[in-house]
Amino acid sequence: MTSEIVFPYEFDSEKRKKSKIYLKQKLITGLLNGFVVPLIFLVWMIFSGFGLALEQFAFSLSSVFGIPIFVFLFLTLTELVEFPLGFYSSYIFEHKYHLSNYSLKGWFKDFFKGLLLSYVIGIPLMSLVFFFISNFSNWWILAWLVLTVFSVFMAFIYPVIIFPFFYKTQPYQDQEQVQALLAMVQKAGVKNIDRVLLAKESEKSKKPNAMFAGMGKTKTIVLFDTLTESFTFDETQTVVAHELGHYVFKDNYRFIVLEAAALLPTLYVINLVLQSSFVWFGIPIISLVIIPVFVLTSLVIEFFSGPIIQAYSRHRELSADIFALDLVEKPLAQISTEKRLADMSLADHNPNKWIEILFFSHPSSQKRIDACYAWAKEHNLKLDK
């Protein structure tokens, strides 16, 4: 099928125009549902007395399981508040721009899977954190240790439990390509990866992707069928090589360390807020209403610290790009990949500088393309712009 794909790919001018509109609307809905809506809901819950009423209701149902019942109700209400915009953004809006392949049934199936996962993870974790808060003065250190260990644990189980929960996967059948990809992995000095899986992304979206899932012995190359069916193998190689760069540079570990480093002061600030909660909000620290106070404080800190994390992420992404260029040595294929990826995902290839700084976890396509040309020039390869 890849033999029918035009190479090298050039930008579609109509999709470049659409990408500007798509990004603007996506940013608006993302800001509203990711920050403004939960912020308003949490403030209302804290100050209106609803949180206290919810706590009383939870304990009226069970004096023993009042805490997990409260967390369950809190998570459910938060999901309900965010649902209208979430459904619009991820289903209606994506269909409007012809980026989604979801059926309504399929979307709701994944939605409820995600909701179930939030309960399985959120209820015990939030209940445990509340237990720490109400029983230990240095609760934030205990919570930091537990949450850090949990994030490492999730990285290990993601490819074997979480990812298959949402995606149908199967061994990639093209053995010639599998061997070529594994040979590339070995060329990079990586010995412990011997599996290539194909994920059925086309049932959900038109957006292509690939990933290295898991850590240690659970590490697996995952190709989305939207990638293998729409890109040449040279282009696919550059995508996998980029992901391999993250693995070789141990970026998973880097981000776990970064998140752990950021989490500790975040929890300490939350501790200061909770210690003052009675003065500020009239909420004693033994009240379950401190849970929405906890979430509200972390939401605000995460929003304002986001650009710092994003800047580091963009740096790591460019490093992985250079690694792919050094390994595969196919700058034209990498440029073609960036253009094809941008058009298929309606990504703005050259956004406003401040938009990129504030909201982009990856460098813009244009910056990544420019890096390819710079690499080619450094290696005395002439590419037509």
Side-chain angles (χ1 to χ4, degrees), residues 18-55 57-58 61 68-123 125-126 162 165-167 201-207 209 288-304 306 310 345-348 351 355 358-361:
K18 278 187 180 180
S19 70
K20 297 285 184 183
I21 303 168
Y22 176 79
L23 174 63
K24 181 179 179 181
Q25 295 182 3
K26 203 70 175 173
L27 284 175
I28 291 171
T29 55
L31 275 172
L32 286 174
N33 223 32
F35 183 70
V36 177
V37 170
L39 181 75
I40 293 172
F41 171 69
L42 291 166
V43 169
W44 172 79
M45 190 175 190
I46 293 164
F47 288 102
S48 69
F50 180 80
L52 183 59
L54 192 68
E55 178 181 6
F57 176 71
L61 295 176
I69 290 173
F70 177 89
V71 175
F72 169 79
L73 294 172
F74 172 66
L75 292 173
T76 302
L77 289 170
T78 302
E79 196 63 55
L80 286 172
V81 167
E82 296 176 3
F83 178 81
L85 263 179
F87 176 71
Y88 171 79
S89 176
S90 62
Y91 184 79
I92 296 175
F93 185 73
E94 293 292 293
H95 274 283
K96 177 182 175 181
Y97 281 89
H98 307 290
L99 294 173
S100 177
N101 291 331
Y102 262 124
S103 66
L104 190 60
K105 179 181 177 181
W107 187 91
F108 271 104
K109 183 179 178 181
D110 274 0
F111 170 78
F112 283 115
K113 283 182 179 180
L115 187 60
L116 175 62
L117 198 61
S118 74
Y119 290 145
V120 170
I121 294 173
I123 291 175
L125 276 183
M126 294 179 80
I162 307 299
F165 187 55
F166 289 95
Y167 282 94
E201 173 66 15
S202 58
E203 296 178 351
K204 308 171 187 290
S205 167
K206 293 181 172 65
K207 297 178 181 180
N209 204 356
L288 284 170
V289 183
I290 65 169
I291 290 178
V293 176
F294 180 105
V295 175
L296 173 64
T297 309
S298 62
L299 177 71
V300 173
I301 293 173
E302 183 180 342
F303 179 78
F304 286 102
Q310 305 282 47
S345 303
L346 280 186
D348 187 348
I355 293 294
L358 292 173
F359 300 110
F360 278 38
S361 61

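The first residue in the sequence is number 1, and the count goes up from there. Nothing here was measured: the structure is a model prediction, and the numbers come from that model.
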Q: Inspect the contact between E94 and K206 and indicate whether a charged nitrogen and a carboxylate oxygen are less than 4.0 angstrom apart.
A: no
Q: Would you say the ring centers of F83 and F111 fall short of 6.0 Å from each other?
A: yes
Q: Quick one: CG on L85 to CD1 on I92, what's the gap to the nearest 0.5 Å?
A: 10.0 Å
Q: For N33 and Y88, does a side-chain donor sit closer than 3.5 Å to a side-chain acceptor?
A: no
Q: With rounding to the nearest 0.5 angstrom, report the CD1 to CG distance, I291 to L296.
A: 13.5 Å
Q: Does the side chain of F87 come within less than 4.5 Å of F108's, by heavy atoms?
A: yes
Q: What pair of heavy atoms forms the shortest contact from L346 to Y22, and how long is it?
A: O-CD2, 3.3 Å
Q: Atom CG of L75 and atom CG of L115: how far apart are they, to the nearest 0.5 Å?
A: 8.5 Å
Q: How many angstroms lie between atom CH2 of W44 and atom CZ of F50, to the nearest 0.5 angstrom?
A: 4.5 Å
Q: Under the side chain to side chain contact (heavy atoms under 4.5 Å, CB included) criterion, do L77 and L54 qualify, and how do the steps go?
A: CA-CA 11 Å; L77 289 170; L54 192 68; 4.0 Å; yes
Q: What are the two closest heavy atoms between V293 and T297, and how far apart are they?
A: O-OG1, 2.8 Å
Q: Go through F41 and L80 one step at a time and tell me if the side chain to side chain contact (heavy atoms under 4.5 Å, CB included) criterion holds.
A: CA-CA 11 Å; F41 171 69; L80 286 172; over 6 Å; no
Q: Verify, without hydrogens or angle tests, whether K204 (side chain) and D110 (backbone) share a donor-acceptor contact under 3.5 angstrom.
A: no
Q: Has the side chain of K26 got a donor or acceptor atom that lies under 3.5 Å from a matching backbone atom of S89?
A: yes
Q: Could you go step by step and tell me if E203 and Y167 meet the side chain to side chain contact (heavy atoms under 4.5 Å, CB included) rule?
A: CA-CA 9 Å; E203 296 178 351; Y167 282 94; over 6 Å; no
Q: Kindly indicate, with the supporting measurements, whether the criterion side chain to side chain contact (heavy atoms under 4.5 Å, CB included) is fulfilled by F57 and L73.
A: CA-CA 10 Å; F57 176 71; L73 294 172; 3.8 Å; yes
Q: If you compare all heavy atoms of V71 against all heavy atoms of I123, which two are closest, and at what distance to 0.1 Å?
A: CG1-CA, 3.7 Å
Q: Out of curiosity, L52 CG to I46 CD1, how far, rounded to the nearest 0.5 Å?
A: 12.5 Å
Q: In Å and rounded to the nearest 0.5 Å, what is the CZ to OG distance from F72 to S118?
A: 9.5 Å
Q: Is it the case that over 12 heavy atoms from other parts of the model lie below 6.0 angstrom from the CD atom of Q25?
A: yes
Q: Would you say CZ of F166 has more than 12 non-hydrogen atoms from neighbouring residues, nucleotides or ligands within 6.0 angstrom?
A: yes
Q: Taking all heavy atoms of S205 and all of L99, pick out the closest pair and write down the distance.
A: OG-O, 3.3 Å
Q: Provide the closest heavy-atom pair for L288 versus F70 in the form atom of the first, atom of the second, distance.
A: O-CE2, 3.5 Å
Q: Between F35 and F304, what is the ring plane arrangement, given parallel below 30°, perpendicular above 60°, and tilted in between?
A: perpendicular
Q: Between S345 (side chain) and A347 (backbone), is there a donor-acceptor pair under 3.5 Å?
A: no
Q: Among E79, E55, M126, exactly one meets side-chain contact (heavy atoms from CB on, under 4.5 Å) together with F74. Which residue is that?
A: M126
Q: Got more than 12 heavy atoms from elsewhere within 6.0 Å of NZ, K20?
A: yes
Q: Where do L299 and L39 come nearest, in terms of heavy atoms and distance?
A: CD2-N, 3.8 Å
Q: Spell out, as yes or no, whether a donor-acceptor pair under 3.5 Å connects the side chain of K113 to the backbone of F165.
A: yes
